[in-house]
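Read the structure below first, then the notes.
Below, read A as the first sequence line, B as the second, and so on, with proteins coming before strands; counting in each chain starts at 1.
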Amino acid sequence: MITPFLVMPAAAALIWKFSMFDTNIGMVNWLFRTLGLDSVSWSTDHPLASVVIVLTWQFTPFMMLILLAGLQGQSKESLEAAQVDGAGPWRTFTWITLPHLRMYIEIGVLLGSVIILQVFDPIAILTKGTGGTKTLAYLLYERAFIGLDVGQAAAYGVVTVVLTIIVATVALKTLFKVFMAGGSR
Amino acid sequence: MNNKLRGTLISILTWVLVLLFFFPVFWMFINGFKPESLASSVNPKIFFTPVTDGYRLAMDRGMAGYLQNSLTAAVTATVISVVLAIPAAYALSIRRVKNVEGSLSFFISTRFMPLAAVVLPLFMILKTIGLLDNIYMLAIVYGAVNLPVTVWMMRSFLLEVPFEIIEASRVDGAGLFREIVRIVLPLVMPGIAAAALISFIFAWNEYFLSLLLTSSAARTTPPFLASFVDGRGQFLAVLSAAATIAALPVIIAGWVAQKQLVRGLSMGAIK
């Protein structure tokens, strides 16, 4: 189950592009045809959706592992106590388990967004930045190494740094709260 | 009875989801063993006689060289980041420097910085000193990129070393070096393994920096794979075979060390 996260991102993007999304030989379109739907040219007609699908596929295992660690750390006693007090499964989940998982959800969201904001590989391979899928990383790459406009790319670099500082300041506050709660000495 | 039914339904749903997520990887593996005409056929074939043409063709394209570069870069980067992270983490956990929190913020803020922002100056510098397309230079860059995460991880492991043990060794007259090498390191071996694993996975899978800082001699596997994008004709079997070879080491390492991996990915926040 954790495999998608481990597969080399470049390899994953290629496999999705050709053996899943391809109009003729892709498995997704084979499924569509079997169900009697029209085939869809995913990476050209729905570039944003394609990138989102691939990234979701890649990062769900990551989030799952973090939440799983949280669930394993939950004490049986509090669950039992909730049951004795007459809470059904739904109430137990929303009132006991979810608050317990909060810290883990925060870590997952934080680290996930830091990594995904910098994403480059699936964009370079799947869509080449077409159809509103250009991330800052790809934009900068395109300007500097394809457009050969180093000055403009450097300006994007500065913008990226400023944005990062803003995001990182907020993120670090949360991060420290989470980390220090999790057993500091 | 109703409960049992619901339980069964939930397990079926779980399995369907797991299979759905695993399918692309499975399909990649299967396609690697198909002859090209079958791999690219419009109607997918599940049953076929496996052939190793795909793997042979991938090797014919010189994949071994790229794999070797990847291995060199990943191993060197791992060694660099772990060797530097241990003393840093020691100074941030056991023998505290002033303002630990500030140093930790500084370390991790460099990891928040998108690589895109630093790649341009890095490219210029390397071009000027003539170290573009050098595998050891790439390894040093990877090591530097990994360092913040390894420092954070190592620190979380070092914090768990009981202080009494360290104190006892000091009373017995162990110097700083002996204390680290003889007492602390053996106790945090699992931590070192986790840090090394994360570092290795990152360097092995990295595409962006390798694409820009190398061109031919030092090119690693991910850009080599990406070069299939511009291929003509049928190449799905070769591509699948090459992707399988490239992805396999990390997949296996991840399966074996799943627990360490979780701790590493969360930079030590989750035990």
Side-chain angles (χ1 to χ4, degrees), chain A residues 1-12 14-20 24-25 27 30 57 60-62 65-66 68-70 73 104 107 111 114 117-118 120-121 124-125 136-137 140-141 144-145 150 153-154 156-157 160-161 164-165 167-168 171-172 175-176 178-179 182-185, chain B residues 18 21-25 27-28 31 39-44 93 101 104-105 108-109 111-121 123 159 201 204-205 207-208 211-212 221-223 225-226 228-229 236 239-240 242-243 246-247 250-251 253-255 258 261-262 265-271:
Chain A
M1 184 66 197
I2 60 167
T3 318
F5 185 69
L6 298 169
V7 173
M8 182 180 285
L14 284 164
I15 293 300
W16 273 94
K17 182 173 174 131
F18 293 110
S19 72
M20 295 288 131
N24 296 316
I25 58 174
M27 287 304 285
W30 173 78
W57 177 77
T60 304
F62 170 74
L65 281 180
I66 288 182
L68 180 68
Y104 297 89
I107 299 176
L111 296 176
V114 167
L117 270 177
Q118 308 183 11
F120 176 79
D121 314 16
I125 289 167
L136 260 175
L140 197 138
Y141 160 76
F145 295 92
V150 176
Y156 285 131
T160 314
V161 172
T164 311
I165 291 172
V167 174
L172 273 176
L175 204 59
F176 268 110
V178 173
F179 272 75
S184 63
R185 194 158 76 183
Chain B
V18 168
F21 263 82
F22 193 68
F23 180 74
V25 180
W27 201 240
M28 162 180 94
N31 271 341
S40 310
S41 81
V42 175
N43 291 308
S93 56
E101 200 162 306
L104 280 174
S105 309
I108 206 63
S109 64
R111 191 65 188 86
F112 283 170
M113 183 77 67
L115 291 173
V118 288
V119 75
L120 204 57
F123 181 83
L159 281 175
I201 290 180
W204 180 268
N205 283 350
Y207 170 58
F208 185 61
L211 176 70
L212 299 180
T221 320
L225 281 182
F228 279 94
V229 173
L236 195 60
L239 170 65
S240 302
V250 168
I251 293 179
W255 280 350
Q258 187 168 346
L261 196 69
V262 179
L265 290 173
S266 63
M267 297 188 302
I270 291 167
K271 308 230 154 66

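Interface remark: I251(B) contributes backbone and side-chain atoms alike to the contact with chain A (heavy atom separation under 4.5 Å). For V119(B), the part sitting under 4.5 Å from any heavy atom of chain A is the side chain, from C-beta outward, and nothing else. Heavy atoms of Y156(A) lying under 4.5 Å from chain B are absent altogether. In this structure, chain B has a heavy atom under 4.5 Å from the side chain of A124(A), while its backbone stays farther away. Both the backbone and the side chain of L225(B) have a heavy atom closer than 4.5 Å to some heavy atom of chain A.
To the nearest 0.5 Å, atoms CZ (F21(B)) and CH2 (W57(A)) are separated by 9.0 Å. The structure places CG of L14(A) at 8.5 Å from CZ of F228(B), a figure rounded to the nearest 0.5 Å. For the atom pair CG (N31(B)) and CZ (F18(A)), the distance works out to 13.0 Å, reported to the nearest 0.5 Å. Distance check, rounded to the nearest 0.5 Å: OH of Y141(A) to CG of L115(B) gives 15.0 Å. Here the CE-OH distance, from M8(A) to Y207(B), works out to 11.5 Å after rounding to the nearest 0.5 Å.
Heavy-atom minimum distance, L120(B) versus A154(A): CD2-N, 3.4 Å. In terms of heavy atoms, D121(A) sits closest to F208(B) at OD1-N, 4.5 Å. The shortest heavy-atom contact between P24(B) and I15(A) is O-CG2, 3.9 Å. Residues L6(A) and G254(B) share a closest heavy-atom pair of CD1-CA, 3.6 Å.
Among F22(B), F123(B), W27(B), the residue making the largest number of heavy-atom pairs under 4.5 Å with chain A is W27(B). Ranked by heavy-atom pairs shorter than 4.5 Å toward chain B, the options P4(A), G157(A), S19(A) are led by S19(A).
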Worked verdict on T3(A) versus W255(B) for side-chain contact (heavy atoms from CB on, under 4.5 Å): CA-CA 8 Å; T3(A) 318; W255(B) 280 350; 3.3 Å; yes
